[in-house]
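Keep in mind the model is a prediction, meaning the values are calculated, not measured.
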Amino acid sequence: MKDREKRSVRTMRKNDVIEAFFETMREVRKENPLATQNEVIETAVKGKAPRFYVTFENARRYISPMMRKKRLPLVNKNKLDMYKEIYSRYLKRIRESSSHYRYIILEKIIEEPAPSFYLDEETFRGIIYKTLRERKIATV
């Protein structure tokens with residue numbers, strides 16, 4: 001089940017990145033028809049994401065030490081920022097809620113819109129190019 005959940009999250013992220021790329025391309029090229037693909041990617045990667053691309057298990061695994069004021073063993077700044085955002089939302093909801101089902105709160109948070117894709121430009125670009133290559137091969 002965990003592998004299926006990871007694949008599902010990756011597939012959602014891939015589809016949402018492609019969608020964000022083409023939506024951003026339409027918006028940017030309305031204003032500047034000569035905008036390059038790099039300019040579109042630079043704009044798209046800074047945009048909002050439909051959700052946090054993390055499994056519930058990983059979110060739980062990283063929020064738990066944060067609750068105990070422990071430092072996360074992460075060096076990737078984007079991932080660290082993502083978990084900090086999830087944690088801040090989690091703390092806010094716990095304070096507002098009388099619910100004892102805290103992990104249900106966490107599950108809802110990771111499915112909410114996120115302020116970013118939490119990807120660097122190269123990773124974002126790689127997802128786009130790989131997906132477009134796969135689609136081209138599939139249509140030939």
Side-chain angles (χ1 to χ4, degrees):
M1 181 68 173
K2 290 177 187 176
D3 286 341
R4 190 177 330 174
E5 186 181 7
K6 284 181 185 177
R7 278 194 302 272
S8 175
V9 169
R10 275 192 227 122
T11 300
M12 280 189 282
R13 182 181 75 171
K14 178 179 79 170
N15 292 337
D16 290 344
V17 162
I18 293 295
E19 190 174 316
F21 170 72
F22 284 114
E23 181 63 32
T24 303
M25 184 183 299
R26 282 189 289 277
E27 291 171 10
V28 168
R29 290 196 173 160
K30 277 182 190 174
E31 295 174 23
N32 178 8
L34 301 176
T36 66
Q37 196 166 352
N38 285 336
E39 291 169 332
V40 172
I41 289 171
E42 287 171 11
T43 304
V45 78
K46 295 173 188 168
K48 295 182 181 199
R51 63 165 286 153
F52 290 94
Y53 299 100
V54 61
T55 63
F56 169 75
E57 195 58 38
N58 280 343
R60 186 191 58 74
R61 182 180 298 129
Y62 286 109
I63 296 306
S64 181
M66 292 174 89
M67 293 292 291
R68 292 174 285 157
K69 308 290 185 216
K70 296 198 178 208
R71 192 166 178 250
L72 294 182
L74 295 170
V75 292
N76 183 317
K77 182 190 177 319
N78 290 319
K79 278 190 180 185
L80 191 57
D81 289 346
M82 179 184 68
Y83 286 115
K84 284 180 180 178
E85 176 64 24
I86 292 170
Y87 179 64
S88 83
R89 290 183 188 195
Y90 183 69
L91 285 179
K92 182 179 179 198
R93 299 273 170 70
I94 287 174
R95 288 185 200 123
E96 295 171 351
S97 173
S98 61
S99 174
H100 296 290
Y101 303 106
R102 292 181 172 192
Y103 288 122
I104 292 174
I105 293 170
L106 182 59
E107 200 166 56
K108 288 180 180 181
I109 289 170
I110 64 175
E111 293 175 1
E112 292 176 351
S116 158
F117 279 97
Y118 295 102
L119 296 171
D120 59 35
E121 279 184 38
E122 288 307 309
T123 304
F124 196 90
R125 182 177 282 111
I127 292 169
I128 292 167
Y129 292 162
K130 182 178 180 192
T131 304
L132 293 177
R133 258 192 324 272
E134 289 169 354
R135 287 183 181 180
K136 188 172 184 176
I137 291 169
T139 59
V140 173

[X] versus [Y]: any side-chain heavy-atom pair under 4.5 Å?
X	Y	value
I127	L119	yes
R13	Y118	no
S88	Y83	no
E27	V40	no
E39	N32	yes

What heavy-atom pair brings [X] and [Y] nearest, and what distance separates the two atoms?
X	Y	answer
E112	R93	OE2-NH2, 2.6 Å
Y87	K69	OH-NZ, 3.8 Å
I110	A59	CG2-CB, 3.9 Å
M67	I94	CE-CD1, 4.3 Å

Between atom [atom1] of [X] and atom [atom2] of [Y], what is the distance when rounded to the nearest 0.5 Å?
X	Y	atom1	atom2	result
M25	I128	CE	CD1	8.0 Å
N38	T43	CG	OG1	10.5 Å
F52	N58	CZ	CG	14.5 Å
N78	F124	CG	CZ	12.0 Å
L80	Y62	CG	OH	10.0 Å
T55	R10	OG1	CZ	9.5 Å

Residues R89, E85: salt bridge by 4.0 Å N-O rule:
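Salt bridge flag = yes for E85 with R89.
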Answer yes or no: is there an ion pair linking R60 with E57, defined by an N-O contact shorter than 4.0 Å?
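Yes.
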For residues 14-21, which side-chain donor-acceptor pairs fall under 3.5 Å, sequence neighbours excluded?
{"from": "N15", "atom 1": "ND2", "to": "T11", "atom 2": "O", "distance (Å)": "3.3"}
{"from": "D16", "atom 1": "OD2", "to": "Y53", "atom 2": "OH", "distance (Å)": "2.5"}

Looking only at atom types and distance, does a side-chain atom of Y90 sit under 3.5 Å from a main-chain N or O of I63, one as donor and one as acceptor?
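Side chain of Y90 to backbone of I63, a donor-acceptor pair under 3.5 Å: no, none is there.
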Aromatic plane relationship, Y103 with F56 - under 30° parallel, 30 to 60° tilted, over 60° perpendicular:
perpendicular
